[in-house]
*Asks:* 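Pasting in a structure now, in structure tokens, and then I'll have a few things to ask.
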Amino acid sequence: MNIFRFAGDMTHLISILVLLLKIYATKSCSGISLKTQELYALVFLTRYLDLFTDFISVYNTIMKLVFIASSLAVVCCMRMHRVVRRSYDKDLDTFRHYFLILASFVLALLVNEKFTFQEIFWAFSIYLEALAILPQLVLLQRSGNVDNLTGQYVFFLGAYRAFYILNWIYRYFTEQHFSRWIACVSGLVQTVLYADFFYYYFISWKNNAKMQLPA
Amino acid sequence: SDNEESHDEL
């Protein structure tokens, strides 16, 4: 464990807490893409298949449980909660995310570390995570204005993978046999996808203005 | 790339 990875995990945790705060505090999920939340639940469920077979550390196990539980909680809340679900931007959240699932699965069958059930689903979860934010970014683009908590949610979500890139660089230079090309390349793509969002987020922060994405 | 036995990252 290194400081970059720990910072990344904590930033990821913060992003989830900000999302839960937004939904419970405002009793609204406007501006949040249910499709992105469903993709994230799928990412965690397929990545942590080794939850009960490979024990890495208490920290690792607890964080896996937190990520799985929180992502499922958000999806259930957005689908079931009678107040929250009314504020879901159903007609704006129309990204065809099934294509992202299909593309990630096909790529995982072709590019993986080992052609085993667990490794294919691990690679699938890595590729899907890189693409999972797309419905959310499209939704924000369409809705134009980004409320503070949603903006902070997406910002922390993007920042966490940027910390992981620093973690991979650090591990590459400090560990002999470190080669996580699948995670590195996918994490790079993931962070780049946030680039334009980061740009407009920074502009709005600098001008101390409400964040506007060009329609 | 050599196969990691298990993925220690989240």
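Numbered from 1 within each chain, the chains take letters A, B, ... in sequence-line order.
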*Asks:* Anything in residues 94-105 of chain A with a heavy-atom distance to chain B below 4.5 Å? Please list those residues in order.
*Replies:* none

*Asks:* Using heavy-atom distances under 4.5 Å, tell me whether A/F44 contacts chain B through its side chain, its backbone, both, or neither.
*Replies:* neither

*Asks:* Would you indicate whether A/Y172, at its atom OH, is surrounded by more than 12 heavy atoms from other residues, nucleotides or ligands within a distance under 6.0 Å?
*Replies:* no

*Asks:* So which of A/Y48, A/W122, A/F67 has the biggest tally of heavy-atom pairs under 4.5 Å with chain B?
*Replies:* A/W122

*Asks:* Examine whether an atom of A/D9 lies under 4.5 Å from a heavy atom of chain B, and if so say whether it belongs to the side chain, the backbone or both; otherwise answer neither.
*Replies:* side chain

*Asks:* Tell me yes or no: between the side chains of A/Q118 and B/H7, is some donor less than 3.5 Å from an acceptor?
*Replies:* no

*Asks:* Show your reasoning for whether side-chain contact (heavy atoms from CB on, under 4.5 Å) applies to A/H12 and B/L10.
*Replies:* CA-CA 10 Å; A/H12 193 186; B/L10 287 172; over 6 Å; no

*Asks:* Quick check on A/F198: does its CZ atom have over 12 non-hydrogen neighbours (other residues, nucleotides or ligands) under 6.0 Å away?
*Replies:* yes

*Asks:* Check this for me: does any side-chain nitrogen of one of A/R171 and B/E9 sit under 4.0 Å from a carboxylate oxygen of the other?
*Replies:* yes

